[in-house]
J.: 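For reference, the structure I am asking about is given below.
First listed ligand is number 1; within each ligand, the first listed atom is number 1.
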Amino acid sequence: MKEFKGKVLVVTGGGSGVGEAIAKEGALRGMKIVVNDIDAPAVDRVVNELHEMGVEAVGQKADISLLENVEGLLKLTLDTFGQVDMLVNNAGVSVSGPIWEIPVQDIQWITEVNMMSHLYGMHVFIPQMIQQGTEAVIINTESTAGLMTSGNAVMYHATKFAGLGASEGTYLALKNRGLGRIQVHCLVPAFVKTGIHLADTHRPERYAINDDPYYQGQEFKSGYIRSERQVTAGIPIDYVGTCVFTAVEDEKFYIFTHPESQVVAGMRIQNLVNGKNPQ
Ligand SMILES: NC(=O)c1ccc[n+]([C@@H]2O[C@H](COP(=O)([O-])OP(=O)(O)OC[C@H]3O[C@@H](n4cnc5c(N)ncnc54)[C@H](O)[C@@H]3O)[C@@H](O)[C@H]2O)c1
């Protein structure tokens with residue numbers, strides 16, 4: 001896609017960070033914007049700022065990890081703007097810690113937000129894009145954590161690897177069926193200065209921090225400190241929006257914000273090819 005003016009962009013988790021940056025870059029290019037986020041004040045703020053930019057925008061304050069809210073997001077988009085041209089499955093949270101120590105509810109929470117919401121997004125929006133018969137774009141915000149592993153955030157890696165598999169597979173499935181006019185992209189940033197280390201403040205009620213002793217323990221606290229250090233040392237957000245739209249214009253499936261991510265991914269693949277164990 002090279003022309004964006006007048007087209008409709010939907011961003012999940014658009015109330016801050018990467019999602020907000022993509023929404024605002026779309027706005028600068030003349031798009032109409034639909035912002036979803038579980039954080040209601042954040043939706044109001046971003047929608048107000050988009051209006052101040054002179055852009056048509058509407059918000060959905062909802063937990064996008066629930067299928068009915070993804071269906072509701074499509075309905076809101078069609079009721080408001082009559083079409084959808086670009087969907088960014090971006091909502092995401094971070095959970096660190098070993099798989100055998102973290103509470104089961106955290107395995108469920110991160111899987112539902114990082115993986116299920118992205119799968120539901122493609123499942124619900126692609127039929128509409130096919131029916132429209134026009135060019136369309138799906139961007140899944142995954143991560144360099146889907147290209148390599150570390151021992152610190154097993155569930156984050158697991159959900160981001162799943163996102164890469166689903167994105168690559170969907171890209172091929174569309175192409176193989178002569179539907180290549182629906183472009184799929186995978187955004188794979190390394191650390192970006194956002195609020196992702198504060199993900200615990202975006203838990204849905206059903207996954208609220210409870211009296212599980214894990215939440216009082218050292219592992220949980222260390223995970224937060226590690227995550228805060230990494231994220232605050234990340235690249236500034238400013239460059240991410242342009243980077244995404246340039247890749248869409250150039251039809252680059254992988255959207256890299258950090259060149260070093262390719263080196264790290266290459267090292268992992270080289271290990272695999274050589275039959276070496278994970279490093
Ligand atoms: N910041 C980084 O270093 C980094 C690196 C690689 C990938 N990413 C990915 O970028 C995406 C955006 O993260 P970010 O860094 O901008 O963090 P962020 O916390 O600033 O933004 C995430 C947004 O998602 C929203 N959200 C969380 N759960 C939700 C739910 N159930 N329903 C709807 N909205 C929900 C949050 O309220 C928040 O506004 C995520 O998928 C993340 O994994 C971030």
J.: Got a donor-acceptor contact below 3.5 angstrom from the Asp63 side chain to the Ile38 backbone?
T.: no
J.: Is there a donor-acceptor contact under 3.5 Å from the side chain of Arg268 to the main chain of Gln279?
T.: no
J.: List ligand 1 atoms under 4.0 Å from Asp63, heavy atoms only on the residue side.
T.: 30 (C), 31 (N), 32 (N)
J.: Distance only, no hydrogens: is a donor on one side chain within 3.5 Å (strictly under) of an acceptor on the other, for Asn89 and Asn140?
T.: yes
J.: Can you list the residues that meet the side-chain hydrogen bond (donor to acceptor under 3.5 Å, both in side chains) rule with Asp238, with sequence neighbours excluded?
T.: none
J.: Taking only heavy atoms of Gly17, which atoms of ligand 1 are found under 4.0 Å from at least one of them?
T.: 16 (O), 20 (O)
J.: Is there a polar contact between ligand 1 and Ile64, counting only N or O atoms under 3.5 Å apart?
T.: yes
J.: Numbering the atoms of ligand 1 from 1, which are under 4.0 Å from a heavy atom of Asn36?
T.: 33 (C), 34 (N)
J.: Kindly identify the option in Phe191, Trp109, Tyr156 whose heavy atom sits closest to atom 44 (C) of ligand 1.
T.: Tyr156
J.: Starting from the C-alpha separation in whole Å, work towards a yes-or-no answer on side-chain contact (heavy atoms from CB on, under 4.5 Å) for Met155 and Thr111.
T.: CA-CA 8 Å; Met155 279 312 300; Thr111 301; 3.3 Å; yes
J.: Considering only non-hydrogen protein atoms, determine which one is nearest to atom 6 (C) of ligand 1 and report residue, atom name and distance to 0.1 Å.
T.: Pro189 O, 3.2 Å
J.: Tell me whether the rings of Phe220 and Tyr215 are parallel (<30°), tilted (30 to 60°) or perpendicular (>60°).
T.: perpendicular
J.: Given Lys61, which of Asp39, Asn36, Asp44 fulfils the side-chain hydrogen bond (donor to acceptor under 3.5 Å, both in side chains) condition?
T.: Asp44
J.: For atom 22 (C) of ligand 1, find the nearest protein heavy atom and state the residue, atom name and distance (0.1 Å precision).
T.: Gly92 O, 3.9 Å
J.: To check your reading of the model: name the closest protein heavy atom to atom 16 (O) of ligand 1, its residue, and the distance in Å.
T.: Val18 N, 2.8 Å
J.: Provide, to 0.1 Å, the distance between atom 39 (O) of ligand 1 and the closest protein heavy atom, together with that atom's residue and name.
T.: Asp37 OD2, 2.6 Å
J.: Is Ala21 near ligand 1, meaning one of its heavy atoms is under 4.0 Å from it?
T.: no
J.: Below the 3.5 angstrom mark, is there an N/O of Ser16, backbone or side chain, next to an N/O of ligand 1?
T.: yes
J.: Nearest to atom 24 (O) of ligand 1, what protein heavy atom do you find, and at what distance?
T.: Gly13 CA, 3.5 Å
J.: Spell out, as yes or no, whether a donor-acceptor pair under 3.5 Å connects the side chain of Asn90 to the backbone of Thr12.
T.: yes
J.: Looking at Arg206, I'd like to know if its CZ atom is crowded, meaning that more than 12 non-hydrogen atoms belonging to other residues, nucleotides or ligands lie closer than 6.0 Å.
T.: yes
J.: Any atoms of ligand 1 less than 4.0 Å from a non-hydrogen atom of Val113? List them with their elements.
T.: 28 (N), 31 (N)
J.: Is Asn90 touching ligand 1 with its side chain, its backbone, both, or neither, if touching means heavy atoms under 4.0 Å apart?
T.: both
J.: Can you tell which of Thr194, Val240, Asp39 gets a heavy atom nearest to atom 14 (P) of ligand 1?
T.: Thr194
J.: Looking only at protein heavy atoms, identify the closest one to atom 34 (N) of ligand 1 and say how far it is in Å.
T.: Ile38 N, 3.2 Å
J.: Report, in ascending order of atom number, the atoms of ligand 1 lying under 4.0 Å from any heavy atom of Val93.
T.: 27 (C), 28 (N)
J.: Which of the numbered atoms in ligand 1 are below 4.0 angstrom from a heavy atom of Ala62?
T.: 32 (N), 33 (C)
J.: Heavy-atom contacts with Ser143 under 4.0 Å: which atoms of ligand 1 show up? List them by number with element.
T.: 6 (C), 7 (C)
J.: What protein heavy atom sits nearest atom 13 (O) of ligand 1, and how far off is it?
T.: Ile196 CD1, 3.7 Å
J.: Between ligand 1 and Val192, is the shortest N or O to N or O distance under 3.5 Å?
T.: yes
J.: Any atoms of ligand 1 less than 4.0 Å from a non-hydrogen atom of Ala190? List them with their elements.
T.: 3 (O), 4 (C), 5 (C), 6 (C)
J.: Can you see which heavy atom on Thr141 is nearest to which on Lys160, and at what distance?
T.: O-NZ, 3.2 Å
J.: Short question: side chain of Lys2, backbone of Glu249 - any donor-acceptor pair under 3.5 Å?
T.: yes
J.: Could you establish whether Glu142 and ligand 1 come within less than 4.0 Å of each other, counting only heavy atoms on the residue side?
T.: yes
J.: Looking at Tyr207, I want to see if its OH is surrounded by more than 12 non-hydrogen atoms of other residues, nucleotides or ligands under 6.0 Å.
T.: yes
J.: Just going by heavy-atom distances, which of Asn89, Thr141, Val70 is nearest to atom 10 (O) of ligand 1?
T.: Thr141
J.: What ring pair (Phe, Tyr, Trp, His ring centres under 6.0 Å) pairs are there with at least one residue in residues 140-162, not counting sequence neighbours?
T.: none
J.: In this structure, does ligand 1 have an atom that sits under 4.0 Å from one of the heavy atoms of Lys160?
T.: yes
J.: In the structure I gave you, are the side-chain heavy atoms of Glu20 and Ile237 within less than 4.5 Å of one another anywhere?
T.: no
J.: Any heavy atom of Ser117 closer to ligand 1 than 4.0 angstrom?
T.: no
J.: Judged by modelled atom types alone, do Gln218 and Ser222 share a side-chain donor-acceptor pair under 3.5 Å?
T.: yes
